[in-house]
There are 2 protein chains.
Amino acid sequence: MARHKEFDQDEALHKAMEVFWSRGYEAASINDLVRHMGINRQSLYDTFGDKHALYLQALDRYREVEGRKMFELLERPGSVKKALRQLFQGVVEGSFCDGQRRGCFMGNAMSELAGRCKETEARTCSNIAAAEGALYRALLRGKKEGEIKGGRDLRAVARFLYSSLQGLQLMAKATRDRKTLEDVVKVTLSVLD
Amino acid sequence: MARHKEFDQDEALHKAMEVFWSRGYEAASINDLVRHMGINRQSLYDTFGDKHALYLQALDRYREVEGRKMFELLERPGSVKKALRQLFQGVVEGSFCDGQRRGCFMGNAMSELAGRCKETEARTCSNIAAAEGALYRALLRGKKEGEIKGGRDLRAVARFLYSSLQGLQLMAKATRDRKTLEDVVKVTLSVLD
DNA sequence: TCCATTCTTGACTAATCGTTCCAGAAAGAG
DNA sequence: CTCTTTCTGGAACGATTAGTCAAGAATGGA
């Protein structure tokens, strides 16, 4: 045997995710990635393949990390409406906190590449389905627990919520007006009443 | 005096808009633009300046053309709800008709550049305000004509509608499932009931 | 007709792109 | 120690990028 990797592969991928997340695919250069990942160029190619492959791995990593956050939030016992409010309000707060306004990596990928790259489209599609499923399960639970009234097409509501979340995240990239974003959240969540 | 331009400047800008619209800023090369605009490289630089300046002019053109369409639709006498349904349903249909799935140029610009380019941010911001205004006026009219019930914060609803429209257009880029998009439209417009 | 001006064309920068190659350093196994 | 393997760093690759230059064609005015 010989020496093992001197850098943390997970950490490097996480850094790559941050670069692609904030700059997008085209605008992120290999040099940017090498710099931010803290590894050298050759290690990048040896470990992750080419730029496109690295992008897809970063997208997968994003889905694991951020998807899990969303699932946990929605599956946490307690008020479903409260969890949803937290989900949406978190986007509003986030757009003022870190000041990076990088939106949702999945949404960015949809916008930049979904129409042009099959692998990206597959990932964003399956992410839509997964998120929609989590929202649907949460709504079902809300209905069972009497918090959300019946008579609604909950599958449609779940789809609506995901689409609205993407819309909100896009708006948060463009405007710094908090009131605008909070108005959007207010009306969006009013469909649950 | 000397000879005048041999190409139609408006037409060339329109072509440039189409290129940036479907490929985005980074992925559109000058060669792509030259090819699609049907003019030579030097004429492009002489007439429109550099790539960035051309992009901003294309964005302005988009706003004129597509913004006008939206304004006319919303100001047309008759049912406001019907006009809004037409606006949203048009996005759904459009994503199946041309097969280009290029989304909304403004939304694309928000996603790709708003956080990184001041001029783009200014344009997307002002477009948000203009669209929100048009939606607000339509809602006011709907209220006056008794079609939309009072007691709602119509400014907030207008903001919500624009955000939802952007979300829908993003979803339309990622999924080819018509039912998903129609579910989103259905629930979105239900806030008007 | 001739001149002045501007458009068109294609070759041409200099820089950057993603990617590969290679030589040497580092580290585990014997 | 030696051998083998892998990691590292920098130089280099060809392709492509945005943008420029210069020479010639075309046009309108006198």
Side-chain angles (χ1 to χ4, degrees), chain A residues 1-61 108-109 112-113 116-120, chain B residues 1-61 108-109 112-113 116-120:
Chain A
M1 279 298 221
R3 59 187 296 196
H4 32 248
K5 279 198 161 51
E6 290 207 350
F7 60 90
D8 184 336
Q9 200 163 322
D10 270 14
E11 194 179 333
L13 182 55
H14 190 84
K15 292 279 188 187
M17 178 190 81
E18 289 182 331
V19 174
F20 281 128
W21 187 357
S22 42
R23 306 199 194 196
Y25 179 74
E26 298 284 350
S29 73
I30 294 286
N31 277 339
D32 289 335
L33 289 161
V34 165
R35 227 180 338 260
H36 283 89
M37 292 168 79
I39 67 177
N40 70 38
R41 191 190 304 279
Q42 192 62 38
S43 301
L44 188 158
Y45 279 95
D46 288 345
T47 310
F48 301 104
D50 62 9
K51 185 187 179 184
H52 190 247
L54 177 57
Y55 180 80
L56 296 177
Q57 290 168 76
L59 208 49
D60 289 339
R61 163 59 62 91
N108 299 350
E112 186 181 7
L113 288 177
R116 185 150 57 90
C117 161
K118 271 189 350 202
E119 295 93 337
T120 300
Chain B
M1 278 299 221
R3 59 187 297 195
H4 34 248
K5 281 198 160 53
E6 291 207 351
F7 61 89
D8 184 336
Q9 199 163 322
D10 270 14
E11 195 179 332
L13 182 55
H14 190 85
K15 292 280 189 187
M17 177 190 81
E18 290 183 330
V19 173
F20 281 127
W21 186 357
S22 41
R23 306 201 193 194
Y25 179 73
E26 298 285 350
S29 73
I30 294 285
N31 277 339
D32 289 335
L33 289 161
V34 165
R35 229 182 333 263
H36 283 88
M37 291 168 79
I39 68 178
N40 69 44
R41 190 193 303 279
Q42 191 63 35
S43 300
L44 189 157
Y45 280 96
D46 287 346
T47 311
F48 301 104
D50 62 9
K51 184 186 179 184
H52 190 246
L54 176 58
Y55 180 80
L56 295 177
Q57 289 169 77
L59 208 49
D60 289 339
R61 162 60 59 92
N108 299 351
E112 186 181 8
L113 287 177
R116 185 150 57 89
C117 162
K118 272 190 350 203
E119 295 93 337
T120 300

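Lettering follows sequence order; numbering is per chain, from 1.
Every residue meeting the side chain to side chain contact (heavy atoms under 4.5 Å, CB included) condition with Ser22(B), not counting sequence neighbours, appears here in chain and number order: Arg102(B). Annotation: side chain to side chain contact (heavy atoms under 4.5 Å, CB included) contacts of Phe48(B) (sequence neighbours excluded): Gln9(B), Ala12(B), Leu13(B), Met37(B), Ile39(B), Leu54(B), Gln57(B). The side chain to side chain contact (heavy atoms under 4.5 Å, CB included) search around Asp32(B) returns Val19(B), Arg23(B), Ser29(B), Arg35(B), not counting sequence neighbours. Residues forming a side chain to side chain donor-acceptor pair (under 3.5 Å) with Glu119(A) (at least two apart in sequence, or on another chain): none.
Between the CG atom of Asp46(B) and the P atom of dA22(D) there is a distance of 14 Å, given to the nearest Å. The interatomic distance linking Gln9(A) (CD) with dT6(D) (P) rounds to 14 Å, in whole Å. Rounded to whole Å, the distance from CD1 on Ile39(B) to C1' on dT9(C) is 13 Å. Between Leu44(B) atom CG and dT9(C) atom P there is a gap of 13 Å when expressed in whole angstrom units. Between Asn40(B) atom CG and dA25(D) atom P the separation is 15 Å, expressed in whole Å. Distance, His52(B) NE2 to dT17(D) P: 19 Å, rounded to whole Å.
Between the axis at the start and the axis at the end of the helix from dT1(C)-dA30(D) to dG30(C)-dC1(D) there is an angle of 0°, using five pairs per end and rounding to 10 degrees.
Contact annotation: Ser43(B) reaches the phosphate of dT8(C) (side-chain N/O to OP1 or OP2, under 4.0 Å).
For Lys51(B), the NZ atom is densely surrounded, since the number of other residues' heavy atoms within 6.0 Å is greater than 12.
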So which protein N/O to nucleotides 11-18 of chain C N/O distances come out below 3.5 Å?
from	atom 1	to	atom 2	distance (Å)
dG18(C)	OP1	Ala28(A)	O	3.4
dG18(C)	OP1	Lys51(A)	NZ	2.8
dG18(C)	OP2	Ile30(A)	N	2.8

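His14(A) contributes atom NE2, which lies 4.0 Å from atom CE of Met17(A) (distance to the nearest 0.5 angstrom). Distance CG/Leu56(B) to OH/Tyr25(B): 8.0 Å, rounded to 0.5 Å.
Checked by atom type and distance alone, the side chain of Asp50(A) never pairs as donor or acceptor with a backbone atom of Tyr45(A) at under 3.5 Å.
No donor-acceptor contact under 3.5 angstrom links the side chains of Asp46(B) and Ser43(B), judged on distance only.
Looking at Gln42(A), its side chain has no donor and acceptor atom pair within 3.5 Å of the base of dC7(D).
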